[in-house]
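Following: one structure in structure tokens, then a few remarks.
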Amino acid sequence: MEVVLEGVSHTYNGREYALEEVGLSIDGPGLYLVVGPNGSGKTTLLKIVSLNLRPSRGRVIVDGLDAWNTSKREFAELKSKFVYSHDKPILLRGTCRYNLTMGGRLSGRVDEDFMKRLIEIFEAEKLLERKSRELSAGQAKLCSLIRALSVKAEVYALDEPFNSLDSSNVSRLLAVLRELSNTKAVLVSTHFLYEGLLNSAKKTIRLINGKIA
Amino acid sequence: MESLLDITLRSLWISGLASLVSFIAALALSFSLARARESVANVVAGFLESLVGVPTTVIGLLTYMLLYPRGPLAPLNLLYTPWAIVIGESLVALPVSAVVLYRSVRRSLSVVSELAASLGLTSGGLFGIVAREIIPDLFTSYLVGFSRAIGELGVALIAGGGIQGYTNVLTTAIALETSIGNYEDAISVGLVLISITALITLALKTMGERIWRSS
């Protein structure tokens, strides 16, 4: 799957640009790093790439189609190939298990076996029956990441996935992302540059003040 | 005076039904508004907020005008029946129920939609999930509507007529007993009204909080 951004700019308030004239391509499976300081536009870029945000200007071309100028049906089909995981996890009221089932309920495309594997890898069995409001920041992040990664997609855009995780979970997540990137495009935004992450990256996109450096 | 139990039961079913009707309408209205453009929704929500304080006598008059022999709903023959009170009290309770629900639905729908979009869904199927997120507010919305409906006098008097054994409810009974100088009975009915409102509010609040805690 190929995603190309052409002259993409975005402003939230009509005055300042979070992204300005960005052009890049995500060409097939691999690990794509989006790095930059706070406020450089990483989240905006990931939301635009994953079709969660319509850019103020420019085009997002997915497999040759101008995504935001397609029919409703075509857009829904394109959108179903992307998953975006928020920096601050969105968990609904209920247990971690309920939140994990939300992935399937909302997307209808969950890989149950992969979800079970992720639960084992992250030793998250003990979290399953905990209420979302009782989870720590790191546990909530894990629950949200497992939910996102178990949804079948072609492109995974993960916003600051390492935030709030302890070192052992960072290592586990790195291993999972490396494995996943063999068959899928995995975009990871981060301001922590782990050596293992840099070594595995197919492409590193550096953002400064909304522009690719 | 007819039996206090009869008046109480009549009040309960009339106001219970009226607040249920207004609750369902408020739910539908809140979801529609939450999906509408924010500027439009804010104007409608502001209008609803202004309606919360409309005197119930005005709504009673409106209900009367709808149902009286030359009104648009005259063929239904509902004036001075319990159904006239149900219609009027539904109108009384609707703004307050909707105001409580709207902001909660909007906030929750925004979060759930954001989550659904992030997982690749573009539309639809979110009603049940949003409703589950706002269970305590659903209870509160019904409760405030019920409290407003059971405690109002204007509609019950103007559109219901306070007919003994037929449309006499707790508030009209208080008004009637006071007007004939029967203060002891009026006070008894008043105490029943306060007790019922407090008990039902407490019971539903407790139920809502239990559901909230268990999820």
Side-chain angles (χ1 to χ4, degrees), chain A residues 43 46-47 50-54 67-68 70-95 97-110 129 131-134 144-145 147-159, chain B residues 23 27 30-32 34-42 100-143 204-215:
Chain A
T43 298
L46 255 60
K47 283 190 170 178
S50 59
L51 304 182
N52 272 273
L53 182 66
R54 184 175 192 158
W68 290 101
T70 52
S71 67
K72 215 172 162 182
R73 221 181 97 234
E74 277 175 323
F75 184 78
E77 210 175 304
L78 289 179
K79 184 84 181 66
S80 70
K81 293 175 181 171
F82 293 86
V83 163
Y84 170 80
S85 169
H86 293 84
D87 174 13
K88 289 179 192 156
I90 296 182
L91 294 182
L92 303 179
R93 240 154 40 79
T95 59
R97 188 189 294 280
Y98 170 76
N99 275 279
L100 293 183
T101 63
M102 263 310 113
R105 196 161 156 199
L106 289 172
S107 71
R109 302 167 279 110
V110 158
E129 302 312 323
K131 312 263 167 60
S132 58
R133 61 194 153 87
E134 293 168 0
S144 148
L145 279 170
R147 180 181 60 197
L149 294 173
S150 350
V151 173
K152 291 178 191 163
E154 293 299 317
V155 179
Y156 293 84
L158 311 177
D159 196 359
Chain B
F23 170 74
L27 197 58
S30 300
F31 268 89
S32 311
R35 287 173 185 277
R37 202 186 304 162
E38 196 168 358
S39 54
V40 175
N42 282 341
V100 168
L101 265 187
Y102 161 65
R103 301 213 185 271
S104 166
V105 169
R106 186 164 195 104
R107 195 173 47 245
S108 180
L109 185 65
S110 151
V111 170
V112 174
S113 301
E114 171 96 22
L115 174 63
S118 74
L119 297 174
L121 188 82
T122 48
S123 63
L126 305 181
F127 179 86
I129 300 168
V130 172
R132 188 183 180 279
E133 285 293 295
I134 56 164
I135 286 173
D137 295 320
L138 295 177
F139 276 91
T140 306
S141 166
Y142 179 79
L143 271 177
L204 286 179
K205 271 272 177 204
T206 310
M207 201 191 298
E209 273 173 24
R210 278 205 181 155
I211 294 173
W212 170 264
R213 279 201 205 106
S214 68
S215 61

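Residue numbers start from 1 in every chain, and the chains themselves are labelled A, B, ... in the order their sequence lines are given, proteins ahead of strands.
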B:L119 side, atom CG; A:R105 side, atom CZ - distance, nearest 0.5 Å: 13.0 Å

Point-to-point distance, once rounded to the nearest 0.5 Å, from CD1 of A:I90 to OG of B:S113: 10.0 Å

Do the side chains of [Y] and [X] get nearer than 4.5 Å, heavy atoms only?
X	Y	value
B:I129	A:L106	yes
A:M102	B:V112	no
A:N52	B:E114	no
B:P136	A:R93	yes

Portion of A:V151 that has a non-hydrogen atom of chain B nearer than 4.5 angstrom: side chain

Under 4.5 Å from a heavy atom of chain B, the part of A:S80 involved: both

Non-neighbouring partners of A:E154 that pass side-chain contact (heavy atoms from CB on, under 4.5 Å), sequence neighbours left out: A:M1, A:K81, A:K184

Exam field: side chain B:E133 to backbone A:L92, donor-acceptor pair closer than 3.5 Å: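 Checked: no pair found.
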
Closest approach of A:G94 to B:R132 (non-hydrogen atoms, all atoms of both residues):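 Reported closest heavy-atom pair: CA-NH2, 3.9 Å.
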
